[in-house]
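This chain uses plain numbering: 1 for the first residue, then up along the sequence.
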Amino acid sequence: MKIKPILTSIFLSSTLLTTGCASIVSDSTYPVNITSIPENAAFTITNELGETVHTGTTPETVELASGDGYFSSSAYTIAFAKEGYQQQSIMITSTLDGWYFGNLFLGGLIGMVIVDPLTGAMFKLQDTAQVELIATNYQSNNANKSLQVVSLSDLPEKYHAELVKIN
């Protein structure tokens, strides 16, 4: 009796039927490098439900899931805060992974309709999320500047075009 070829056929068939192309080639979680200018800003990552997924300080690399359920991509909001700077938020969302369409050749209908959508491997995330923070402490930024009052006749001619009349 030829059991070995039958078992091999069953194993190969079940493997092909239970895998998806993006699940094989890609991943369902991605490292996202969180950075800010300037560095050492506190950040909080929340998901679409407003749940905190991660907190940290820039720069840091965080593993985030690309899928959020069956045929549902993930979206995250990253809020940045640093003393002396305005708080800022950015959003990152998953996009369709090109390897998902490899199911047309390798993973078949099961990979395209079941495996990759369930694992989240049909989606991918960008690898970097960066923000440039805006300083709010104008007094320290303008510490070396001063106000000088002059009459119009004492003002050099080249500055006359920049004057604005105040009523």
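Counting heavy atoms from C-beta on, the side chains of Val53 and Thr46 never come closer than 4.5 Å. Counting heavy atoms from C-beta outward, Asp127 and Leu125 have side chains that stay 4.5 Å or more apart. Looking at Thr93 and Tyr76, their side chains never come closer than 4.5 Å, going by heavy atoms from C-beta outward. Side chains of Asn40 and Lys82 form a contact here, defined as non-hydrogen atoms less than 4.5 Å apart. Using a 4.5 Å heavy-atom threshold, the side chains of Thr44 and Phe80 count as separate. With a 4.5 Å cut-off on side-chain heavy atoms, Ile78 and Ile92 count as touching.
Glu83 CD to Leu133 CG: the interatomic distance, rounded to the nearest 0.5 Å, is 13.0 Å. Going from atom CG of Leu64 over to atom NE2 of His54 covers 8.5 Å, rounded to the nearest 0.5 Å. With rounding to the nearest 0.5 angstrom, the CD atom of Gln88 is 15.0 Å from the CZ atom of Phe43. The distance from the NE2 atom of His160 to the CD atom of Glu162 is 10.5 Å, given to the nearest 0.5 Å. Rounding to the nearest 0.5 Å gives a distance of 10.0 Å between OG of Ser36 and CD of Glu132.
Applying the side-chain hydrogen bond (donor to acceptor under 3.5 Å, both in side chains) rule to Ser94 yields no partners; only residues at least two apart in sequence or on another chain are considered.
The closest side-chain donor-acceptor pair between Glu63 and Thr29 falls under 3.5 angstrom.
Judged by distance alone, with hydrogens and angles left aside, the side-chain atoms of Ser74 form a donor-acceptor pair with the main-chain N or O of Ala65 at under 3.5 Å. With Thr77 contributing its side chain and Met91 its backbone, the two residues share no donor-acceptor pair below 3.5 Å.
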* Check the pair Tyr30 / Lys124 against side chain to side chain contact (heavy atoms under 4.5 Å, CB included), numbers first and verdict last. => CA-CA 7 Å; Tyr30 288 86; Lys124 64 180 179 178; 3.5 Å; yes
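Within 6.0 Å of the CD atom in Gln87, the count of heavy atoms belonging to other residues, nucleotides or ligands does not exceed 12.
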